[in-house]
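Right, one structure below, let's go through it.
The analysis underlying the following values was restricted to heavy atoms, covering all of them including side chains, and did not include hydrogens, waters or symmetry mates. Remember, it's a predicted structure, so these values are computed and weren't measured experimentally.
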Amino acid sequence: RQRLQILGELGFEALVLLRFSKALSQLSAADFVTDILVRQLDVHTLFIGPDAALGKGREAGPVELEQLLA
């Protein structure tokens with residue numbers, strides 16, 4: 001709840017929470033970016049921390065994500 005409050009105070013208008021599931025855990029980084037972030041959520045800007053990673057086995061870190069979103 002505290003994080004949600006802070007994000008609201010920073011001006012975020014929406015927040016999407018995804019329930020972690022077996023199916024979600026099996027997606028490649030490319031599939032997650034394409035199917036979830038771009039097609040379903042129409043994401044235009046993505047903020048991540050320096051140790052963030054997406055995809056099965058944490059295959060894509062900040063550099064790879066930047067390439068996928070280019």
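The two residues R19 and L24 have their closest heavy-atom pair at O-CD2, 3.7 Å. What you find for P50 and P62 is that their closest heavy atoms are O-CG, 3.6 Å. Contact between T34 and V38 at its shortest, heavy atoms only, is O-CB, 3.5 Å. Of all non-hydrogen atoms in S28 and D31, the two that sit nearest each other are OG-N, 3.0 Å. Nearest heavy-atom pair across A29 and L54 is CB-O, 3.6 Å.
Under the 4.5 Å side-chain heavy-atom criterion for grouping Ile, Leu, Val, Met, Phe, Trp and Tyr, V16 is connected to F32 within one hydrophobic cluster. Both F20 and L18 belong to a common hydrophobic cluster when Ile, Leu, Val, Met, Phe, Trp and Tyr are linked at side-chain heavy-atom distances under 4.5 angstrom. L10 and I48 are assigned to two separate hydrophobic clusters, defined by single-linkage of ILVMFWY side chains at heavy-atom distances under 4.5 Å.
Remark: E59 CD is packed, more than 12 non-hydrogen atoms of other residues, nucleotides or ligands lying under 6.0 Å away.
Side-chain contact between R1 and Q5: absent, with no pair of heavy atoms (C-beta onward) separated by less than 4.5 Å.
In terms of modelled atom types and a separation under 3.5 Å, the side chain of E64 and the main chain of G61 share a donor-acceptor contact.
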Exercise. Could you walk me through whether F12 and I6 pass the side-chain contact (heavy atoms from CB on, under 4.5 Å) test, one step at a time?
Key: CA-CA 9 Å; F12 284 77; I6 291 169; over 6 Å; no
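The distance from the CD atom of E13 to the CG atom of L7 is 12.5 Å, given to the nearest 0.5 Å. In this structure, the separation between CG on L37 and CG on L69 is 7.0 Å, given to the nearest 0.5 Å.
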